[in-house]
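Just so it is clear, the values below take in all heavy atoms, side chains as well, and ignore hydrogens, waters and symmetry mates. Each chain gets a letter, A, B and so on, in the order the sequences are listed, and its residues count up from 1. The structure presented is a predicted model; accordingly, all values stated were derived computationally and were not measured.
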Amino acid sequence: GASAQEQVKIGMLQGFTGPTESLVKPMALGGELAIKEVSDSGLLLGGREVVSVRGDSTCIDAAAATAAADRLVTSDGVHGINGATCSGATTAILNNVVRANGIVMISPSATSPALSEIEDDGYFFRTAPSDARQGQIIAEILDRRGIKSAALTYTNNDYGKGLADAIQAAYEAKGGKITAVAAHEDGKADYSAEIGTLASAGGEVLIVAGYLDQGGKGIIQASLDTGAFDKFVLPDGMVGEALTDNFGDMLDGSIGTNPGTDSPGASMLAELASGKGFKGDDPYVPEAYDASALLLLAMQSAGSTDSAVYKDHILKVANAPGEKIYPGELAKALQILADGGDIDYVGGTALELIEPGESAGSFRETEIKGGKWETEMYH
Amino acid sequence: MSFLSATGMTGGYGGSDILHDCTITVEKGEIAVVVGPNGAGKSTAMKAVFGMLNLREGSVVLDGKDITNLAPQERVPEGMGFVPQNRNVFVSMTVEENLDMGAFIRKDDKIEETKQQIFDLFPILGEKRNQPAGELSGGQRQQVAVGRALMTQPKLLMLDEPTAGVSPIVMDELFDKIVEVARTGVAILMVEQNARQALEIADHGFVLVQGRNRFTDTGEALLANEEVRRSFLGG
Amino acid sequence: MEILNALALFTNFVVVPATAYGAQLALGALGVTLIFGILRFANFAHGELMSFGTMITILVTWFLQNMGVSIAPFPTALLALPIGILAAISMALVMDRMVFRFYRKQRSNPIVFAIVSVGVMFLIAGIIRIVIGPADQSFADGERFIIGAIDSRRALGLDEGIAIKQSQLITVVVTAIVVAWLFWFLQKTRSGKAMRAYSDDEDLALLSGINPERVVMICWIIAAALAAIAGTLYGLDKTYKPFIFLQILLPIFAATILGGIGQPVGAILGAFIVAFSEVTVTYAFKKFLTYLGPTDWAPDGLVQLLSTDYKFAVSFIILVAVLLIRPTGIIRGKVI
Amino acid sequence: MCLVLIAIGFLQSWNVAFGIFNLCVISAVMALGVNMQWGYAGLFNVGVMGFTALGGLTAVLVSMPPVGEAWAAAGGDIALSLLSLAGTIIAVIYARRFVHPALKLPVTLVLLLAGYFLIGVFFGPATDAIESIDPALSGYLGGAGLPVLVAWPLAGLVAAGGGWLIGRIALGLRADYLAIATLGISEIIIAIIKYEEWLSRGVKNVTGIPRPVPYEVDLIESEWFISLANFFGASEISDAASLFVKLCYAVLFVIVLAIIMWFAERALKSPWGRMMRAIRDNRDAAAAMGKDVKRRHLQTFVLGCAVCGVAGAMLTTLDGQLTPTSYIPLRYTFLIWVMVILGGSGNNWGSILGGFIIWFLWVEAEPFGNWFMSTITAPLGEGSELAQHLVAGAAYMRYLMMGAILLIVMRFAPKGLIPEATNRSTAMTRSS
Amino acid sequence: MIRVENIAKNFGGIQAVDGVSLSIEKGSITGLIGPNGAGKTTLFNIIAGVFPPSSGKIFLDDEDVTHLEPHELFHKGLLRTFQIAHEFSTLSVLDNLMVVPGNQPGEQLRHSWFNYSRVKEIEAQNYERALEVIDFLEIDHIKHELAGNLSGGQKKLLELGRTMMVEPKIVFLDEVGAGVNRTLLNTIATSIKRLNEERGYTFCLIEHDMDFIASLCDPVIVMAEGKVLTEGTIEEVKNNEEVIEAYLGTGRKHERKVPS
Ligand SMILES: Nc1ncnc2c1ncn2[C@@H]1O[C@H](COP(=O)(O)OP(=O)(O)OP(=O)(O)O)[C@@H](O)[C@H]1O
Ligand SMILES: Nc1ncnc2c1ncn2[C@@H]1O[C@H](COP(=O)(O)OP(=O)(O)OP(=O)(O)O)[C@@H](O)[C@H]1O
Ligand SMILES: CC(C)C[C@H](N)C(=O)O
Ligand SMILES: [Mg+2]
Ligand SMILES: [Mg+2]
């Protein structure tokens, strides 16, 4: 019967070691959650089993990332890749493996604006929005709230830099003033120097385009300790329970933005994840879940595990028209597709793919109140 | 049995053997001198006695106790003191600290006294007591090294070319001091290239050639031996 | 008033953080310098040793917190620290026994030791990540601030406040005590002298009756204890994160060498120079000058000597400059 | 080693095997560079990363197409700031030659400061202008648009130039100090590449560097390749294409390695190598025997740096992109050192072997870790928490494995796998 | 040949050499003696360019060489040995000698790479010469041994052997005799004399063995406490009261030890 058929393999190519190792752990579990859900449903392509094959893209070592991707594709024979984590590694893999071998890759977290423009032969997608979009959203929020000046610090990589550029450009276009921009390196022992500079420049808020358990956290810690800033604007990389758990109500009044909608997907995923040893609403976990789901749903829709075939079905399953699909409803979706119906995958991130294959980016604006992230509105 | 009797020592540094059935003995209160051409294995023999060499054969017995299998640092408390030929001072420590290290295993309270005696013997060391030994001249270092060994107050004092590079006047005093130390009942074993002066004060002499005992006799007899004089003492 | 404000500002953003950071580096550098000085190799595993000691401390802290034990207002971790220290010591001794001793017997080149220590580094790093995972852990409890920015503003009656954290004070105090003790230990005690003698010349140390294995053991014990203390205090002040310990090695090594290898006092000095240079040279004096200048006047630019981007470059430039003028470090250290 | 790679070829895939092989060759070249410095001359260079990055930067500057608008917008200003830089340097040199010795330092400082501000006048606006041109896509000056192969020798020259500058400053220092100085300087080089966006696009990375070999997409469509693939009986044309590309790289890399190896071996086996060993053993004595220790050190340092630079350019070419954040000491300095020591310092063949083994382990540790963890946790059962915890930690087996293997190899070959031949006289004297 | 004018050297407060002026005549074998710490080695080091003097000047054949580096002095024909042996420990004895000759084309990379035959040719010549030296020093059996493994005296011989690999104008020997067997030392003395007479080498040597000095040196310069104490023939020096007191020791002690 069905079980005798060949397994469907999804490459879980994430930065397991290196500077994003802690972010990646729940992401991978999120991605694998969707895989398991599909596999258990027994509905994919007539009941084929789906397994995840992990590969370490290390985040910063382009060579090792390429080697790992190569192995996944040519040796393990995966049918699609969920990854890579960081924009740099993603670009390397895209150029050297994805295009070379013609395999679909969906990154849950590579958000660099440059990836929108890159030549991908139609094989690359991402469930995260480009940072260019987020920059505009943040500028709008600041403008609406009447904040006239802000200091800006970013984690010094393509993500941080790209996002910072986007924020600065958008904010200044709206007449805001960026008093100072200072990069910070992740994983450093001390951030007093950066905070000293930013504090000296002043500004009503500090925008921290960083990672919540990396330098971004160090920056906030140092600001609070010295009293340099007490209000922060926190883009996606900074939004997470870990931050409020750590600082409690000291961050009250700070504003956060992250991809999200008022669709119930995120909380549904959080519920699914509870008890599985990770948090469903940690950064990029919904994106990772959605990436896996998309890959598999597109295969189902195309009736094939051949990348060249199912790559053209990704946009179709992701967008309207069709029945809305939330986390945990993958079985239903598979059934609809098998019956020849249409679906509109919403998933954990209220996914809406726009050309050239990336999330449109609806964003959620939150404010920290009483040490909790409270949703203000959606953009 | 002699106070120190190292008998039948055979061994080397891992390659071929350097010592071949070499025997060296010293009595309490006596001075034994080892002479021989360069590379004969004199220093190697000293190291063997001190346990810094793996012997394939032979034994070292000190004061009736077999110490063949003791590690060098364990031989120090047994009463052995050694001044090696090269690298014989702690270069980064001051002269005084060097002497203190000599007294490392001593537990008595006479340490200051001994130190004073050493300063009397080598006045230059007193002057330079706070200078790192690495900054001393060649001869001064040699004096520090000997002083350090004397600080141990050993029962057996082993000196590998203590007079190399010291000026004649210091050499004379050194030999005097060695005689004096020997009179207090310490056994002294030394290697010397200033062989004539050394044999002069020696009770026993060993001539080593290519790791083997060639001549063994009293100091006087060796000095008188024409062949020894010509081949090893420079005529 | 304005001058006082300027001073308070400077203290708050430069003096206090740099002092605390300096003290943290110093504790790490002490351990490195000890191994460097006595066992004569650059121990790349020191960061992971810090990490390991801290990890155990954290695990014990969690246990204690679960049991409801606390020593408020002090962090519970201080209570758990002795166990962390013991764990680090055991780890160090096991590693020495299984790894380093062999090369000591072989009289390998220091660089071989350094490379082997990279191996040990990998090994411990792997163990740590498998046990506690790669994520961030915060385990600080107890009172956070001795004086907060807002309180001090009120107390001093100034616009600028000075904030001092408890963990900062503990770190500085502990560092001072440890340095004084270490200095005394090395200069005055028998074991300390034996260690210095051993570091100078192993063979000769044997001839003085010094037991080399004992010296090595003491050396590891002190270094590992220092590592556990350093890691824990660092974790209390910031958070614990396994990845950071590789990063922190660089400034620690810089401090060690700057101060003079094998010199405890030098390590401290080096650490503070690194810390202060990083913070001061890249400090933007804009606000500071605004206070000092005439009312309503403010400089246009940030008045910054060098962008913070290059902050660590500063300490290295200083390092190279110092070494060119004084090739043995500030306090004359060993040249290996 | 080759056997192992062949085994990988059969067990995993030929693509993987050649992917690993290519990086092994690059690693071997880097290891050769380090070996020249450490093995020949005892120079403790821990700044390998910096020179590799310089090589990578050169590859970008040579091969990327120039960004016309950027040049138009700020080319003049950049040229002016370069001119003022040159002017400052010349002024300082002249001033130092002619002023009174006591005034040297203050005059130098004043001139430097003046130069700093002068350069700033042109430089600041120029970089701002360049960086604001379409930041998401370009925002830098671009390169010269030449074939990337030209960059390889040039990268050697650039890295050699960097090495020369650094050597002039730092080679006066003794071993450990040189180490930390080079470590710091390499971090500074990386920082410059990271922050000087007008030059290198900084952390936004340069991607899509033109290749010296054909693109897979073109291959798949070309007649001759399809027939070639059919001839070899390839099942998947895309697999065959990517294999073919890797093979092309492999050939290029091996040629470079062979050339460098020939020069290195010849130098080492000649009186030059003997002299270098003499200097390494005892520089005071070597100086007394008429050897110009400083110059020789500088020479070897520069040579080693050049080799690392070439390797850096090769690596960037292979990756097709320059990612400054990927340059971390662990990967580009320590791993290379491990290769050199493990292979046997002072021995060129050892370095090559070390390069192969370590890179191989670095890559293969990962699948092995996954396999290992799932095997040992298998008896624990699906639901076991310990098993879950362990499986989640599988990725970190890479650290554990690297550590364990390094320690084991070093244990059984403490002088490296192919130790330096020291117990004999040099080759030439033996034969005569 | 060598003229030293008013050389002084100060090590952070310690006055090691304190205003020494002396000259060494071409073709002479000059002895330099003096108590331990008199500053003899320091003076050698200054002349050989290891460190610069605090003040004073040095002339080699009337050329000011005060601030030249050691390797430059080597090429001007000035050679020195070290009191504490400075062998190249991972090179064989043979290679230790073959390293010495200056201007070896093989030490230039361009020759090694592109002109190998010439390298080989010179190498063969040096090889012959090294074998002769090895023969002379009676160390044939250890010529392939690593220099680091030699005995103390053998290392000293190697130091001397190096000076015989080239044709120097002047050789400074710092206690070559210390630790060398007296019989061999006599041979060395003979050969120094021969090199001096037949090839015209100039020697300046530090030694504490008075017999060795007596058999070779004229004149003898005595240093003490960083200054020149006296200068003259060996007989004059031996009978100088100050020298006896500071250096040689009383004749009485000496007589008691040396057999008549
Ligand atoms: N690097 C140094 N730092 C400080 N003092 C030094 C240094 N080198 C030598 N000295 C001092 O200078 C003095 C002269 O030393 P030097 O080595 O020249 O003596 P010497 O005449 O060669 O003695 P010897 O016959 O014992 O070799 C000594 O007192 C020594 O302590
Ligand atoms: N560490 C070592 N490894 C290998 N061989 C060695 C080592 N040390 C000495 N030898 C060899 O052992 C032999 C004897 O050396 P040893 O040092 O005992 O001679 P010695 O009699 O003390 O000579 P000298 O009077 O010159 O000091 C020499 O041929 C030497 O080459
Ligand atoms: C998970 C994050 C580290 C990834 C980041 N958004 C990037 O593009 O690099
Ligand atoms: Mg000897
Ligand atoms: Mg001397």
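The heavy-atom pair separating B:Gly39 from E:Ser151 by the smallest distance is N-OG, 3.2 Å. Here the closest non-hydrogen pair linking B:Gln193 and E:Arg182 is O-CG, 3.5 Å.
Residue E:Asn149 holds its CG atom at 8.5 Å from OH of B:Tyr13, rounded to the nearest 0.5 Å. Interatomic distance, E:Ile84 CD1 to B:Arg87 CZ, rounded to the nearest 0.5 Å: 11.5 Å. Note that the CG atom of B:Asn38 and the CG atom of E:Leu184 stand 6.0 Å from one another [nearest 0.5 Å]. Atom NE2 of E:His141 is separated from atom CD of B:Gln210 by 7.0 Å, given to the nearest 0.5 angstrom. Once rounded to the nearest 0.5 Å, the distance linking CZ of B:Arg230 with CG of E:Asn186 reads 13.0 Å.
No donor-acceptor contact under 3.5 angstrom links the side chains of B:Arg141 and E:Asn36, judged on distance only.
Counting only distance, with no hydrogens or angles, the side chain of B:Ser167 and the backbone of E:Pro35 share no donor-acceptor pair below 3.5 Å. No donor-acceptor pair closer than 3.5 Å links the side chain of E:His208 to the backbone N or O of B:Pro168.
The greatest number of non-hydrogen atom pairs below 4.5 Å with chain E, out of B:Val166, B:Leu199, B:Leu233, B:Asn86, is found for B:Val166. Chain B forms the most heavy-atom pairs under 4.5 Å with one residue out of E:Leu185, E:Ile33, E:Asp209, E:Val180, and that residue is E:Val180. Heavy-atom pairs under 4.5 Å with chain E peak, among B:Ile124, B:Asn194, B:Val35, at B:Asn194.
Within a 6.0 Å sphere centred on CD of E:Glu197, other residues, nucleotides and ligands contribute more than 12 heavy atoms. Under a cut-off of 6.0 angstrom, the local environment of CD in E:Glu225 is sparse, with at most 12 non-hydrogen atoms contributed by other residues, nucleotides or ligands. Within 6.0 Å of CG on B:Asn54 lie no more than 12 heavy atoms contributed by other residues, nucleotides or ligands.
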Original post:
Does the side chain to side chain contact (heavy atoms under 4.5 Å, CB included) test come out yes or no for B:Arg196 and E:Asp211, once each step is laid out?
Top reply: CA-CA 12 Å; B:Arg196 268 177 290 160; E:Asp211 296 341; 3.7 Å; yes
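Within the 4.5 angstrom heavy-atom criterion, no atom of E:Ala16 approaches chain B. If you measure heavy-atom distances from E:Glu245 to chain B, the contacts under 4.5 Å come from the backbone alone. Contact of B:Thr163 with chain E is not made at all, since no heavy-atom distance falls under 4.5 Å. Heavy-atom distances place no part of E:Leu150 under 4.5 Å from chain B, backbone and side chain included. Only the side chain of B:Gln131 has a heavy atom closer than 4.5 Å to any heavy atom of chain E. Using a 4.5 Å cut-off between heavy atoms, B:Glu192 does not touch chain E at all.
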